[in-house]
Amino acid sequence: MQVPVLQPHHPLHSKLLTLRDGLIESCRLHQTSPSIKEESPDSRKMNRRMLTKEDEAAGDEVEVRREDQDKINKFSRLHQRELNLEEELKVKNKEKEELEDISTELELADEDDTVPYKIGDAFFHLPLPQAQELLASSTSRVEEEVSALEDKLGTVKDEMTQLKVELYARFGRSINLET
């Protein structure tokens, strides 16, 4: 069975629109989904949840002061710094792991062998003890860098936590700082 489509100039068109709008409003008040949905481009892109009456009542508009905006901006910068530090830490940990693997391999090598050791862009054939010394110094340098990065990351996370507390105290559920 084919359903007829009412043209905008049809006399029943406006009555159907009024009924549809009333149904949508009724469903909104009773927090149920309507069987007739009016889809806009935004509603197709994003599924939004409706606020409850308590959320609407609690959602009083809070004025964003200059110092609040500064805190939000600082939180954003700290979040970006946190992401960069985590990436850098990941790279350094990988480098540290590789150095430890090479150190383990060199322990199995013969004392009289020369080992190719990369310095800059060139490889030099060094005696095993000298290569192990250079490797140990490189490993300790990378461990210090990892430790410094972990300290910086901890400081950034502490600052972010403090800003979250302050901003959530001011704005409540009106702001989302979850990263």
Side-chain angles (χ1 to χ4, degrees), residues 8 13-104 118 120 135-179:
H13 185 264
S14 62
K15 290 182 181 179
L16 285 175
L17 285 178
T18 305
L19 285 172
R20 183 201 62 195
D21 292 342
L23 176 64
I24 291 172
E25 180 65 21
S26 174
C27 290
R28 186 186 68 77
L29 292 175
H30 297 298
Q31 297 178 352
T32 60
S33 59
S35 58
I36 300 173
K37 288 186 180 177
E38 181 176 31
E39 286 194 272
S40 67
D42 291 338
S43 67
R44 281 184 231 125
K45 291 179 187 175
M46 183 184 304
N47 185 11
R48 298 181 185 174
R49 71 173 183 86
M50 292 178 61
L51 291 176
T52 63
K53 292 293 182 187
E54 296 82 32
D55 289 343
E56 283 183 25
D60 294 332
E61 291 292 320
V62 177
E63 182 182 340
V64 180
R65 301 175 303 206
R66 176 68 184 176
E67 61 230 27
D68 298 329
Q69 188 62 51
D70 290 342
K71 287 178 184 179
I72 293 168
N73 293 344
K74 183 176 182 180
F75 182 86
S76 177
R77 287 190 306 271
L78 287 172
H79 177 62
Q80 288 303 313
R81 188 178 307 154
E82 176 190 31
L83 295 176
N84 291 338
L85 286 172
E86 285 175 347
E87 187 64 33
E88 195 175 338
L89 187 61
K90 194 184 302 182
V91 169
K92 289 295 179 184
N93 279 328
K94 186 174 179 359
E95 184 180 344
K96 179 182 165 186
E97 186 179 310
E98 290 171 350
L99 288 173
E100 289 170 351
D101 289 346
I102 293 169
S103 179
T104 303
K118 185 176 181 182
L135 188 62
S137 68
S138 293
T139 303
S140 65
R141 178 185 49 81
V142 169
E143 286 174 349
E144 288 172 5
E145 291 173 1
V146 165
S147 177
L149 285 172
E150 287 173 343
D151 290 343
K152 285 181 186 177
L153 188 60
T155 303
V156 167
K157 285 185 178 188
D158 290 343
E159 286 183 59
M160 286 175 65
T161 302
Q162 181 61 34
L163 285 171
K164 273 186 183 182
V165 168
E166 293 171 12
L167 290 169
Y168 277 130
R170 173 106 169 101
F171 295 104
R173 293 181 61 182
S174 300
I175 191 167
N176 181 10
L177 300 173
E178 298 309 312
T179 55

Engineer: Measure the shortest side-chain to side-chain distance between Thr139 and Glu143 over non-hydrogen atoms and say whether it is less than 4.5 angstrom.
Structural biologist: yes
Engineer: Hey, are the side chains of Asn176 and Tyr168 touching, using non-hydrogen atoms and a 4.5 Å cut-off?
Structural biologist: yes
Engineer: Tell me, do Lys94 and Glu97 make a side-chain contact under 4.5 Å, heavy atoms counted?
Structural biologist: no
Engineer: Got a second to check how far Leu78's CG is from Gln162's CD, nearest 0.5 Å?
Structural biologist: 11.5 Å
Engineer: Is the backbone N or O of Ile72 less than 3.5 Å from a side-chain atom of Ser76, with the two atoms forming a donor-acceptor pair by type?
Structural biologist: no
Engineer: Without swapping roles, check the side chain of Thr161 against the backbone of Lys157 for a donor-acceptor pair under 3.5 Å.
Structural biologist: yes
Engineer: Could you state the interatomic distance from CD (Glu82) to CG (Leu89), rounded to the nearest 0.5 Å?
Structural biologist: 11.5 Å
Engineer: Assess whether a salt bridge exists between Arg170 and Glu166, defined as any Lys/Arg side-chain N lying under 4.0 Å from an Asp/Glu carboxylate O.
Structural biologist: no
Engineer: How long is the gap from CG on Asp151 to CG on Leu85, to the nearest 0.5 Å?
Structural biologist: 11.0 Å
Engineer: Less than 4.0 Å between a side-chain N and a carboxylate O, is that true for Glu145 and Arg141?
Structural biologist: yes
Engineer: Using only heavy-atom distances, determine whether the side chains of Gln69 and Asn73 contain a donor-acceptor pair under 3.5 Å.
Structural biologist: yes
Engineer: Could you measure the distance from the CG atom of Leu167 to the CD1 atom of Ile175? Nearest 0.5 Å is fine.
Structural biologist: 5.0 Å
Engineer: Identify which one of Glu86, Arg81, Arg77, His79 satisfies the side-chain contact (heavy atoms from CB on, under 4.5 Å) criterion when paired with Val156.
Structural biologist: Arg81
Engineer: Is there side-chain contact between Leu177 and Leu163, with at least one heavy-atom pair below 4.5 Å?
Structural biologist: no
Engineer: So, are Arg65 and Asp68 salt-bridged, with charged N and O less than 4.0 Å apart?
Structural biologist: yes
Engineer: Check whether more than 12 heavy atoms from other residues, nucleotides or ligands sit under 6.0 Å from atom NZ of Lys152, and answer yes or no.
Structural biologist: no
Engineer: Less than 4.0 angstrom from a charged side-chain N to a carboxylate O is my criterion; do Asp70 and Lys74 meet it?
Structural biologist: no
